[in-house]
Amino acid sequence: MKAIHKIILYLLLLVPAAKALASDFEMGTQGLIKRVIPKHAAFFQVAEIPAAGDQDVFEIEGKGNKIVLRGNTPVEVASALNWYLKYYCHAQRSWCGDNMDLPAKLPIPAKKVRITSPYKDRVYLNYCTFNYSMSWWDWERWEREIDWMAMQGINMPLAITGQEAVWQNTLRKYGMNDQEIRSFLVGPAYFAWQWMTNIESINGPLPQNWIDRSIVLGQKILARERQLGMKPILQGFTGYVPIKLMEKQPQADIRKKAVWFYVGPGTAQLNPLDPLYARMSKTFIEEQTHLFGTNHIYAADPFHEGKAPVAGDEYLAQVGKAIYTTTASVDPKAVIAMQTWSMQKAIVQSIPPDRILMLDLNASKWKGSEAFWGRPWVGGIIHNFGGNTAMGGDLDAVLAAYPAILNQPEKSKQFQGIGMFPEAIEHNPIIYDAAAEMAWRREKPDTKKWMDDYLLARYGSSDEKVSLAWDTLLHTAYGKSGIVTFMESSICARPALKVNGASPNGALNSEKKYRFKSLWEALALLQHAPANIKQKETYRYDLVDLARQCMADLAIPMQKEMADAYRNGDKAAFAKNAKEYLNLMDDFDQLLATRKEFLLGKWIADARAIGKTKAESDLYEKNARALITTWGPYNENAIQYDYSARQWNGMVKNFYKVRWQKFVDFLTLELQKEAQDRYKEEKINHRFNRPSNTANDFYKAMAKWESDWSERNDEHFSNRPDGDEIKTVVQVYQKWLPAANKLLK
């Protein structure tokens with residue numbers, strides 16, 4: 001009877017999932033086309049075709065005055081649409097401006113195009129993306145992103161919106177009341193790290209209104225993704241539980257884990273051998289399935305960036321076995337999707353090979369693990385950490401990465417997919433377009449030719465000077481500098497005489513990566529684009545972004561010049577250099593104000609808009625401010641501060657410049673002293689080579705000011721662009737070119 005009851009319960013839980021999973025091909029594809037090109041939707045017909053064996057396929061063909069898009073799922077039809085828009089209409093839908101100026105009569109393909117993908121799984125999103133970029137997204141923004149995903153061929157997105165509701169429903173059944181549960185749940189800017197089992201409680205408690213909103217939003221996201229034929233990855237249970245559960249379930253073997261990066265009170269882990277583990281895992285999966293259905297893929301990353309509470313492979317193997325068996329007891333089709341960032345061999349090998357998918361976030365871990373000991377895996381790129389604002393990424397390497405693995409099968413056993421796993425998005429669109437398009441290519445294309453096609457789609461037409469500007473970028477910012485962007489500016493760094501970098505693991509831009517002056521030369525060329533290109537939103541974003549990078553780079557030698565003047569005891573030179581450095585930040589802030597992509601005000605306004613009460617809006621603003629500055633609550637040993645290092649309007653003038661002004665004022669007073677009595681920079685840095693919170697009295701005061709800033713809600717930052725992009729770029733270029741000529745090689 002128990003077995004029958006279990007089967008009935010399982011089927012009942014899958015009823016909402018079955019409804020959500022029913023993918024209406026016609027509705028999904030036609031709906032997307034109408035959203036993307038509403039005025040031209042009537043020109044298109046869609047048709048479902050079989051997969052090419054085990055490979056996804058799309059076709060584009062002219063039929064009379066119609067364009068026929070075919071695919072084996074709606075994702076493939078959307079990919080066909082994207083291919084058609086790029087290569088036939090020279091149009092582009094982008095995070096950073098759109099060029100969707102289509103002709104009244106669309107071009108009809110002369111012959112049929114048929115393209116297959118060698119990659120079964122095309123995965124998208126890192127946990128971190130949900131907070132560094134998506135914390136405050138509404139359905140309208142999500143709807144656009146899901147369409148973008150489909151057009152880029154993505155068929156397996158991570159989907160964790162609404163997890164807070166799953167946890168609430170689960171923990172209610174194990175003795176915790178709603179106040180205790182909401183206190184366990186973090187503030188809305190920090191869910192990524194809670195679901196990766198790093199933290200609990202910080203910057204909460206979480207309002208019930210947020211939890212209720214997340215259910216509706218999460219269900220909409222999943223319904224649309226499934227309608228388009230995607231297979232979303234939902235959350236799995238790993239034994240991570242609230243510390244409070246030790247009190248509520250005293251009989252259970254629950255152990256405290258070490259505090260992660262000095263953030264919060266730590267976390268707790270339930271022993272996989274404890275009977276409570278199987279019960280909680282079952283409850284968790286059932287509650288999640290009831291709310292959000294299932295595609296049978298569950299993300300589980302135990303001990304992410306941390307240690308297990310018990311040492312040894314035996315315990316790790318027990319964890320891996322428990323994760324799979326308890327999940328499969330509810331969903332017999334369960335597959336565990338596991339990030340490889342902090343993977344443990346014993347955990348991986350305790351899960352059946354056909355029931356796990358390894359997500360190699362930067363396509364590097366497979367080389368040292370015998371290709372994950374024979375498990376199927378996906379190779380990806382990360383590119384960005386924390387939302388750092390920098391133009392860059394090795395375009396040639398991005399285009400080469402996947403074919404390089406695909407074409408050495410003897411070394412890459414079970415390689416079955418590709419992925420994009422950025423910690424943040426809405427920047428460097430060329431890198432993500434390149435990575436996504438490789439889903440439909442077996443061989444690396446010629447990089448210059450690919451870029452020319454990209455630019456033609458981005459701007460709608462070609463121009464010699466625009467092409468020369470981008471050729472320069474191809475050999476500098478987008479040249480051999482590594483896929484990940486580690487290009488920072490001293491502007492965003494905690495002030496010091498010797499600035500090593502802004503964020504943990506970051507470093508200042510180096511002329512060894514590219515010649516700074518070359519970007520000013522590219523900016524001069526890009527400003528001479530013809531009028532038809534200058535009208536494009538895509539061009540205007542790129543122009544501001546390039547000018548931003550030029551000024552961010554220029555700040556580095558300017559700061560060094562200022563520091564040298566202080567060390568030399570030259571009061572006049574120090575005052576002059578400091579004034580210029582601070583003035584640069586004012587103009588930098590004004591430049592950034594011209595584009596919505598660079599507005600602190602929009603980030604904060606979007607956060608506050610979700611609040612139902614002033615108290616809720618204040619909490620969300622606190623979360624929004626803290627994540628991109630101090631990162632978490634104040635701790636004297638904190639090391640995560642400035643992790644995002646964002647070059648945003650409002651951030652520059654009201655946060656970064658204020659810090660530097662305080663440092664300039666401090667050094668100005670020190671210069672009044674005799675040389676031997678002046679401030680000397682000694683032993684101020686922690687292990688990430690940046691000034692620590694308690695380095696000396698100045699940094700103690702600085703850390704206190706930073707923490708106070710993250711708590712404020714009495715400042716207004718514009719959430720609308722201000723100023724004409726082209727005129728502002730001309731102004732800053734002409735004003736600062738002499739300094740660039742003087743300081744840059």
Do V378 and M156 pass the side chain to side chain contact (heavy atoms under 4.5 Å, CB included) test, and can you show the C-alpha distance, the side-chain angles, and the key distance before you say yes or no?
CA-CA 11 Å; V378 166; M156 191 181 285; 6.0 Å; no
Are any side-chain N or O atoms of Y432 and backbone N or O atoms of E426, one a donor and one an acceptor, separated by less than 3.5 Å?
no
Scanning both residues in full, the closest heavy-atom pair of N685 with N689 reads ND2-OD1, 3.3 Å
Basic-acidic side-chain contact under 4.0 Å: K345, D313
no
Go through N693 and Y641 one step at a time and tell me if the side chain to side chain donor-acceptor pair (under 3.5 Å) criterion holds.
CA-CA 10 Å; N693 282 350; Y641 58 86; 5.4 Å; no
OH (Y262) with more than 12 external heavy atoms under 6.0 Å
no
On a heavy-atom basis, the closest approach of N428 and G392 is OD1-N, 3.0 Å
Ignoring hydrogens and angles, state whether a donor on the side chain of Q416 or D121 is under 3.5 Å from an acceptor on the partner side chain.
yes
How close do D56 and R122 get, heavy atom to heavy atom, and via which atoms?
OD2-NH1, 2.6 Å
Please check if the side chain of S281 supplies one atom and the backbone of A278 the other of a donor-acceptor pair under 3.5 Å.
no
Passing option when E423 is tested against Y127, Y132, Y643 for side-chain hydrogen bond (donor to acceptor under 3.5 Å, both in side chains):
Y643
Taking atom types as modelled, find out whether Y124 and E145 have a side-chain donor-acceptor pair closer than 3.5 angstrom.
yes
Starting from the C-alpha separation in whole Å, work towards a yes-or-no answer on side chain to side chain contact (heavy atoms under 4.5 Å, CB included) for K120 and D54.
CA-CA 8 Å; K120 174 187 173 186; D54 60 352; over 6 Å; no
Matching residue for R172 among D178, T283, N177 - test: side-chain hydrogen bond (donor to acceptor under 3.5 Å, both in side chains):
D178
Does E200 come within less than 4.0 Å of K244, counting only side-chain N to carboxylate O?
no
On the 0 to 90° scale, with breaks at 30° and 60°, tag the F130-W142 ring pair as parallel, tilted or perpendicular.
tilted
Over 12 foreign heavy atoms within 6.0 Å of NZ, K248
yes
Would you say T289 and E286 are linked by a side-chain donor-acceptor pair, where the criterion is simply a distance under 3.5 Å?
no
Here the pair of heavy atoms bringing P157 nearest to M149 is CB-SD, 3.9 Å
Go through Y174 and V241 one step at a time and tell me if the side chain to side chain contact (heavy atoms under 4.5 Å, CB included) criterion holds.
CA-CA 11 Å; Y174 292 91; V241 293; over 6 Å; no
Going by atom types alone, do Q163 and Q288 pair a side-chain donor with an acceptor below 3.5 Å?
yes
